[in-house]
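The block underneath contains the structure these notes are about, expressed in structure tokens.
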Amino acid sequence: MASMIFSDCSSSATARLLPLRCHKLHRSCSVLSFCRRVSLPLTSTRPLLPSLSSLQAHVSSTFVSVSVTAKMATESSAIVIDGKSVAKQIREEIAVEIARMREATGIVPGLAVILVGDRKDSATYVRNKKKACDGVGINSFEVNLPGDTTEQEVLNSITKFNEDPSVHGILVQLPLPKHMNEEKILNAVGIEKDVDGFHPLNIGRLAMRGREPLFVPCTPKGCIELLHRYGIQIKGKKAVVIGRSNIVGMPAALLLQREDATVTIVHSRTNNPEDIIRDADIIISAVGQANMVRGSWIKPGAVIIDVGINPVEDPESPRGYRLVGDVCYEEVVKVASAVTPVPGGVGPMTIAMLLSNTLSSAKRMHNFN
Ligand SMILES: Nc1nc2c(c(=O)[nH]1)N[C@@H](CN(C=O)c1ccc(C(=O)N[C@@H](CCC(=O)O)C(=O)O)cc1)CN2
């Protein structure tokens with residue numbers, strides 16, 4: 001962001017941003033070591049965050065297990081929105097639905113993933129998607145193409161999957177190599193199999209009142225699902241989305257608007273972004289800048305959804321780096337009422353929403369409710 005000062009807020013003074021593509025991602029993150037973990041609410045209707053005192057009153061009845069210490073009542077500290085656990089719960093719900101559908105109809109949902117090139121991070125995400133499919137009972141189909149493959153070869157794979165009745169969802173892992181026309185490739189995915197929700201027709205419908213997209217992009221959908229499952233009210237709230245990418249920022253803003261929030265998008269040309277962010281009740285940050293959003297930019301009690309996954313150098317970590325979000329977690333956790341960690345926040349929800357979209361697609365195609 002041109003007008004923002006980037007300053008690292010990690011404990012390591014030497015921490016530096018690393019290019020994501022050079023490194024295999026890993027799960028350990030020292031940032032999480034001081035997180036208070038609050039287990040999941042089992043219902044999406046009961047608010048998790050009305051106040052600390054009512055939170056404590058509900059503790060024994062509402063949550064599976066809660067490890068909130070007495071310290072929390074005296075020290076201002078946000079609830080950690082546990083995306084990893086929510087995603088697990090959603091995968092379990094999806095597995096039950098898939099089994100029900102298979103028993104009733106004999107149909108098994110199928111997801112096709114096309115990976116072009118040799119980015120390690122993309123390969124990891126694709127592998128994790130396949131593992132998640134296996135876990136819930138979705139058939140997965142994979143095509144791996146070299147980085148110098150032609151656009152036509154990618155289009156041929158898409159056509160093949162568009163015509164295959166055992167495939168209910170198709171996704172092309174992004175980013176594509178630079179020589180490819182992303183728009184042309186994403187437009188080729190049949191709208192009824194567009195489980196990433198990136199087809200312009202799906203995005204267009206998302207933007208219009210009174211129209212329904214067949215699919216909503218997975219990461220923004222995961223952000224909203226986290227807010228719902230934690231009982232965080234969106235209606236009437238001031239929401240700020242930081243970043244305006246086609247994959248996250250723009251659809252996240254559209255979704256928040258559909259939920260009746262008043263939405264502002266902050267981007268690289270926004271003047272005084274801190275002032276706008278400081279006014280927000282809900283912040284979704286998706287810029288890919290480590291620790292950019294500081295504690296002083298946050299209104300006390302705001303809810304922070306951090307979509308950034310940024311590797312920073314960390315000599316103390318076994319792999320030499322760790323993942324941090326766009327938000328300076330150590331500072332923000334003291335000001336916000338709830339915050340997603342990185343890793344373990346929005347990331348796992350992306351894959352859970354992909355499974356959910358694939359199941360919906362199979363149900364819609366086979367008229368199964
Ligand atoms: N076609 C698509 N391409 C890309 C998408 C997408 O939704 N569709 N999103 C991202 C990458 N992505 C899925 O593809 C993705 C990113 C991160 C995670 C995740 O679980 N992250 C973990 C941390 C990573 C780790 O330790 O392995 C976390 O945050 O806890 C899942 C999926 C770009 N491309």
Side-chain angles (χ1 to χ4, degrees), residues 18 20-21 23-32 35 80-88 90-91 111-117 119-133 140 142-143 154 158 169-177 180 182-183 185-186 188-189 193-199 202-203 215-223 226 243 245-252 285-286 288 290 305-312 314 317-319 321-327 329 339-358:
L18 295 176
L20 189 62
R21 60 166 307 166
H23 296 272
K24 196 160 171 254
L25 302 179
H26 69 116
R27 292 203 165 271
S28 64
C29 172
S30 57
V31 171
L32 281 183
C35 292
V80 179
I81 298 178
D82 189 346
K84 198 173 164 190
S85 298
V86 177
K88 182 169 177 279
I90 291 170
R91 289 198 305 273
L111 173 69
V113 179
I114 300 168
L115 173 64
V116 189
R119 282 181 65 118
K120 283 192 174 155
D121 55 348
S122 292
T124 302
Y125 299 141
V126 168
R127 204 169 42 249
N128 290 345
K129 286 173 185 182
K130 184 184 181 324
K131 207 170 136 198
C133 283
S140 56
E142 205 180 314
V143 168
V154 181
I158 295 173
I170 303 169
L171 79 82
V172 181
Q173 188 63 33
L174 298 179
L176 283 163
M180 294 207 170
E182 182 186 289
E183 186 182 354
I185 287 172
L186 296 182
V189 175
K193 297 190 180 184
D194 174 38
V195 284
D196 253 337
F198 295 158
H199 193 286
N202 272 321
I203 294 286
F215 302 99
V216 171
C218 301
T219 303
K221 186 177 175 183
C223 295
L226 280 177
S245 69
N246 288 341
I247 299 186
V248 187
M250 178 266 291
S285 182
I305 306 292
D306 190 351
V307 179
I309 302 174
N310 311 295
V312 294
D314 182 0
S317 174
R319 302 221 179 168
Y321 71 94
R322 65 196 158 88
L323 298 176
V324 301
D326 290 347
V327 167
Y329 188 90
V339 60
T340 57
V342 176
V346 175
M349 292 296 289
T350 297
I351 295 181
M353 294 301 103
L354 175 66
L355 305 176
S356 159
N357 282 352
T358 306

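All ligand and atom numbering here is 1-based and tracks the order in the structure. Computed from heavy atoms alone, side chains included, the values below leave out hydrogens, waters and symmetry copies.
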query = Side chain of Asn357, backbone of Val216: donor and acceptor closer than 3.5 Å?
reply = yes

4.0 Å heavy-atom contact, Lys84 with ligand 1 = no

task = Could you tell me whether the side chain of Thr340 and the main chain of Asp306 form a donor-acceptor pair under 3.5 Å?
result = yes

task = Look at ligand 1 and say whether Val342 reaches it with a heavy atom at a distance under 4.0 Å.
result = no

ask   = Any donor and acceptor pair, going by atom type alone, linking the side chain of Ser356 with main-chain N or O of Ala352 inside 3.5 Å?
value = no

inquiry  = Could you work out, for atom 29 (O) of ligand 1, the closest of Pro220, Gly347, Pro311 by heavy-atom distance?
reply    = Gly347

request  = Give yes if a backbone or side-chain nitrogen or oxygen of Gly344 is under 3.5 Å from a nitrogen or oxygen of ligand 1, and no if not.
outcome  = yes

task = Would you mind listing which atoms of ligand 1 come within a distance below 4.0 Å of any non-hydrogen atom of Leu171?
result = 1 (N)

task = Specify the closest pair of heavy atoms between Val339 and Tyr329, including all atoms of both residues, with the distance to one decimal.
result = CG1-CE1, 3.9 Å

ask   = Taking distance alone, with no angle check, do Thr124 and ligand 1 share an N/O pair under 3.5 Å?
value = no

message = Please check whether Leu323 reaches ligand 1 - meaning an N/O of the residue sits under 3.5 Å from an N/O of the ligand, judged on distance alone.
response = no

ask   = Mind checking whether Thr350 has a heavy atom under 4.0 Å from ligand 1?
value = yes

query = Between Asp196 and ligand 1, which part of the residue brings a heavy atom under 4.0 Å of the ligand: side chain, backbone, both or neither?
reply = side chain

inquiry  = Distance under 4.0 Å to a non-hydrogen atom of Phe198: what atoms of ligand 1 satisfy this?
reply    = 1 (N), 2 (C), 8 (N)

ask   = Judged by modelled atom types alone, do Asp314 and Ser317 share a side-chain donor-acceptor pair under 3.5 Å?
value = no

ask   = Would you find a donor on one side and an acceptor on the other, under 3.5 Å apart, between the side chain of Asp196 and the backbone of Pro217?
value = no

request  = Show which atoms of ligand 1 fall inside a sub-4.0 Å distance from at least one heavy-atom site of Ile309.
outcome  = 17 (C), 21 (N), 29 (O)

key: Which atom of Arg91 lies closest to which atom of Ala132, heavy atoms considered   = CD-CB, 4.5 Å

note = Looking only at heavy atoms, the pair that brings Asp194 and Val189 closest together is CA-CG1, 3.8 Å

